[in-house]
Amino acid sequence: MWADESVVRPPSVGGQAPGSEQPGPPAPGVPWHHQAAPAAQTPSRTAPSVGGQAPVSEQPGPPAPGVPWHNQAAPAAQTPGQTAPSAGGQAPGNEQPGPPAPGVPWHNQAAPAARTPGQTAPSAGGQAPGNEQPGPQAPEVSSRAPSGFSGPQVGGQAPGGTPPAPPQPPGQWGRPPGGQYQPGVQYQSGPPPSLDDVPMRRAKKSPGSGWRKAVHHVSGGAINPGLSAEELRLQELVARIRQPVRGDYRIATLSLKGGVGKTTTTMGIGSIFASIRGDRVIAVDANPDFGTLSQRVPLQTRSTVRDLLLDPSIQRYSDVRRHTSQATSRLEVLASERDPAASEAFSEEEYRAVARILQRFYNIILTDCGTGLMHSAMSGVLDLAHSLVLISSPAIDGARSAAATLDWLSLHGHDHLVRNAVVVINSPRAGSPNVGIQQLREYFLSRCRAVHIIPFDAHMSEGAEIDLHRLHKHTKRAYVELAATIADDFATDHRRYQP
């Protein structure tokens, strides 16, 4: 009978209208891959309805009991335009997943069929289509998904795995502005990290003398014993000499007795400052009795302090430099008048005028005073001096002259210079002195700030141009220690002593 029909159609089930295809129930005990697959639907055909519903949806059969979900027969894929059957009289157009199989872990449950664009999940309990009603919750299971596996959530949540946690904002150091903490921001106590806290290992400085230098040279630099205690001490002295100066610093060197090395001491201190510091240092010859300070440097100009005062175009450093002579140590010297009558007329006001010019361009100003304390310029020298260097010889007469100078200064309003003075015991001749140097040292320390002993040096006793490279190492070291002691007073506030 069916063979006579031009179009072969399967019989309908439950009185359904022909035109739909209903798959039969799976055979018990037969694996799913041995079951007969339902015929694929064409875009124009629809699955038969169940319970008298309109043939617009396809209803999958119930899962076979005791068969894992991955062995169940998968429902036929829906083509665009098809809709899943409704459950419980619901309107077609929604998709309802079946109840979970009892006793089967969640990751073995059958996943709901993927919905194509335009499809909606089936409603439950007669709800209007377009709403989504979660199915019954599966019992809580203790098994967990393996790492990296994302499956449907337990407890009625939508499948797809746990959503990733939102990224945390970076931590902030200290308290927030205004004292209000923002939610979700981690605040860390203490100061923020700094590059100053990064540890760093410094290379040792190469030794400059002694057996340490020989070992470093022979080993080709592979063995570096480091600096000796003497070299470390010298570095400390150099650091003290290079202390910054507030404005300008004026030093006066004087002695009531001639021939004790006042001029050579002035040149020694100035040369050390000029060679180590690197800034501008000048020595002024204020001796009214034909001073010899300019004879200790190469003569580069015939100008004197008088020519500097008469120059009307002093505007910059180069204008002053054309009146000075410079030694190999970069120490500049401003010569005095060579005519004793003219130099005697060098008054206090003129010295103050010279000091006002020099302090604009020089950091350290040394003044080589004469042997007299009563001439006119000496009053201006003592009023403007920040520090005093008193020269004495290692003899009784020289020590008494120095002590008389300290007494005169204390009685004439310069007690601050006495307390801040540095006494220099200069040895003008070779050999051991005939007096106790230690006793002289203790006497002057009871009245002044420091006492230094300068040993005899053949180069300094020549009375000619002074070159630091020709000094004996002990003499040069003594001048470095003297300059470092004077530089310790650079940090003192001397603003009350203005020219």
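Just so it is clear, the values below take in all heavy atoms, side chains as well, and ignore hydrogens, waters and symmetry mates.
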query: Can you check whether Y443 reaches V451 side chain to side chain, under 4.5 Å on heavy atoms?
result: no
message: Between D311 and L308 (side chain of the first, backbone of the second, donor and acceptor by atom type, cut-off under 3.5 Å), is there such a pair?
response: no
Pair D407 + R447: basic N to acidic O under 4.0 Å: yes
- request: Give a yes or no on whether a salt bridge exists between D248 and R250, defined as a side-chain N under 4.0 angstrom from a carboxylate O.
  value: yes
field: salt bridge (charged side-chain N to carboxylate O under 4.0 Å, His left out) involving E348 - partner list, sequence neighbours excluded
entry: R352
query: Is any NZ, NE, NH1 or NH2 atom of the basic residue among K476 and D457 found under 4.0 Å from an Asp or Glu carboxylate oxygen of the other?
result: no
- prompt: After noting the C-alpha distance and the side-chain angles of V284 and I365, does the key distance pass the side-chain contact (heavy atoms from CB on, under 4.5 Å) rule?
  reply: CA-CA 7 Å; V284 182; I365 303 173; 4.3 Å; yes
- prompt: Just wondering, do L334 and I282 contact through their side chains at under 4.5 Å, heavy atoms?
  reply: yes
field: Neighbour count above 12 (heavy atom, 6.0 Å) for R360 CZ
entry: yes
query: Stepwise, does the side chain to side chain donor-acceptor pair (under 3.5 Å) test hold for T324 with E332?
result: CA-CA 6 Å; T324 64; E332 298 181 34; 2.9 Å; yes
- request: For the residue pair I454 and Y479, establish whether any side-chain heavy-atom pair is separated by less than 4.5 Å.
  value: yes
- line: Only residue of L388, V418, V422 satisfying side-chain contact (heavy atoms from CB on, under 4.5 Å) with R449 is V422
query: Using 4.0 Å as the upper bound for N to carboxylate O, is an ion pair formed by E350 and R306?
result: yes
message: Salt bridge or not between R470 and E462? Use side-chain N to carboxylate O under 4.0 Å.
response: yes
message: Side chains of Y249 and D489 only: does a donor on one sit below 3.5 Å from an acceptor on the other?
response: yes
message: Between H472 and H474, is the ring centroid distance below 6.0 Å?
response: yes
- prompt: Centre of F490's six-membered ring, under 6.0 Å away, within 45 degrees of the axis: is that where NZ or CZ of R246 sits?
  reply: no
